[in-house]
Number of protein chains: 2
Amino acid sequence: MKTLRVPEATVTRLSIYSRYLERLDRNGVTTVSSGEIAEGVGVSPAQVRKDLAYFGEFGTRGVGYNVKDLMRYTKKILGLDQDWPLILVGAGNLGYALCTYKGFNSRGFKIVGVFDNDLTKIGKKIAELEVLPMEKMPEVIQEYKARIGIIAVPPRAAQDVADYMVKNGLEAILNFAPVALNLPEGIEIRNVDLSVKLEILTFNLGFKSAQRL
Amino acid sequence: MKTLRVPEATVTRLSIYSRYLERLDRNGVTTVSSGEIAEGVGVSPAQVRKDLAYFGEFGTRGVGYNVKDLMRYTKKILGLDQDWPLILVGAGNLGYALCTYKGFNSRGFKIVGVFDNDLTKIGKKIAELEVLPMEKMPEVIQEYKARIGIIAVPPRAAQDVADYMVKNGLEAILNFAPVALNLPEGIEIRNVDLSVKLEILTFNLGFKSAQRL
DNA sequence: GGTTATAAGTTATAAAATTCACATGCTAGG
DNA sequence: CCTAGCATGTGAATTTTATAACTTATAACC
């Protein structure tokens, strides 16, 4: 089988296209061109076509793409034709926000267990979910067949949490703690860093000011 | 003046190096090599040196980098030798989490105003800050000379909030709503998308499963 | 039914980013 | 003072990614 590697940037954009298509669909739009998608998400039309070309032919020449179909295709490609149970560790403010974040649910993500080692948090409820002690994680993972974990704990605790997740069979981790995690081969890990983008802004603002001198 | 463009990926990594250096410094480490930084943040040593080379020579051949110095340099480059007042719109759970997020404060970011148009939220306190109605934004921006805004509202409201921010003089926006914002030339905008990275994970998990067949 | 306009798909080109490999310069030790 | 060892800084080579240009297919219209 010819396996051509898909750039991560392409997958990122695919996710964005996918959500944009959902919006178009909600608005009753039935057909869309690469140019319109490009316009809607802020990339070039060629980029849209190139990205889609990694996965097949989804459009009709001279016409464009059927919104509903392309939406389904993109979701399927991203693995979103199924629901994904998520394990969350960290019942602080960020954990709370993630639990209640609508953007997850609408894409088929569902947090099925919230864990913390802080005794003052255990037992409390977050959006109908009781915060559980870490020891309960194995059984929750089993019950829901969870494969993905989210880390929303302070930096110093993140590595231990990650290790525990891996030990209990999780295969992928989304890490909100601003530290690089060290994990065994084969475990998928991605970081969401809340302040890096902010620092890109300050960098650019500084640069802009310098330009004016 | 020779103005060579700095890749955004380089700025991103610089931010990560910078925080890693802070950690080393806290731990009392005084000298570090490009290889150690690379190891610590998960990139190649050449990458570290190349990234730094955009901005000058900071190390000593045969020795490495002075941790404290390089930390200061990186912060300076990123514009973090000063404090940055931030304007936040959206007093929902995400907004609340951002208000209390320690990762901001430790880098010199300070949220100086929280705004919402939801009457049930206005007047409430989030971490010593009272949630204000949108109309109060102009005076808060003036008072603190704020230049950066954060959007933490539902997608459908994001564009209006962005327009309002720009109208009132903000020059840069960090957008947590999963939509592409349309803004005038010269306004810096970056998106933080909480679910894109998650979808990269599901994509990769799906791919992994396919490989096994 | 042929023709034209349109937009996808594809190939080629260009640009960008990363890696590699080496020369340079510093420090320490004899 | 000279030499050996080491890690930076850098220019070249490679790889990757994005843009542009072109070809092909479809549909609508005369």
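Hydrogens, waters and symmetry mates are skipped; everything else that's a heavy atom, side chains included, is used. Here is the naming used below: chain letters follow the sequence lines, and residue numbers restart at 1 for every chain.
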Rounded interatomic separation in angstrom, taking CZ from B:F58 and P from D:dT8: 14 Å

Ionic contact status for B:D51 with B:R13, cut-off 4.0 Å: yes

Protein-nucleotide distance (B:D51, atom CG; C:dT19, atom C1'), rounded to Å: 12 Å

Side chain B:R49 and base D:dT8 donor-acceptor under 3.5 Å: no

B:S33 vs D:dA7: side-chain N/O to OP1/OP2 distance below 4.0 Å: no

Short side-chain N/O contact to C:dT6 OP1/OP2 from A:Y65, under 4.0 Å: no

From B:L21 atom CG to B:Y65 atom OH, the distance as rounded to the nearest 0.5 Å: 10.5 Å

Phosphate contact (C:dT19 OP1 or OP2) by B:Q47 side-chain N/O below 4.0 Å: yes

Of the listed nucleotides C:dT18, D:dA27, D:dA18, the one nearest the side chain of B:K50: C:dT18

Phosphate-side-chain proximity, B:S34 and D:dA7, N/O vs OP1/OP2 below 4.0 Å: no

Length of the line joining B:E57:CD and D:dA7:P, which is rounded to integer Å: 18 Å

Value in whole Å for how far the C1' atom of D:dA7 lies from CD of B:E36: 11 Å

Presence of A:R5 side-chain N/O under 4.0 Å of D:dT17 phosphate oxygens OP1/OP2: yes

Value in whole Å for how far the P atom of D:dT10 lies from OH of B:Y54: 13 Å

Length of the line joining A:I37:CD1 and C:dG9:P, which is rounded to integer Å: 10 Å

Check: B:Y17 ring centroid to B:Y20 ring centroid under 6.0 Å: no

Nearest-nucleotide 5' precedence on DNA chain D, A:V63 against A:E8: A:E8

Selection from D:dT17, D:dA25, C:dA23 that lies nearest to any side-chain heavy atom of A:R61: D:dA25

Whole angstrom value for the distance that separates P of D:dT8 from CG of B:L70: 10 Å

Rounded distance (nearest 0.5 Å) linking atom OG1 of B:T74 with atom CZ of B:F55: 10.0 Å

D:dT8 OP1/OP2 closer than 4.0 Å to side-chain N/O of B:T60: no

Gap separating the CZ atom of B:F115 from the CE atom of B:M134, nearest 0.5 angstrom: 8.0 Å

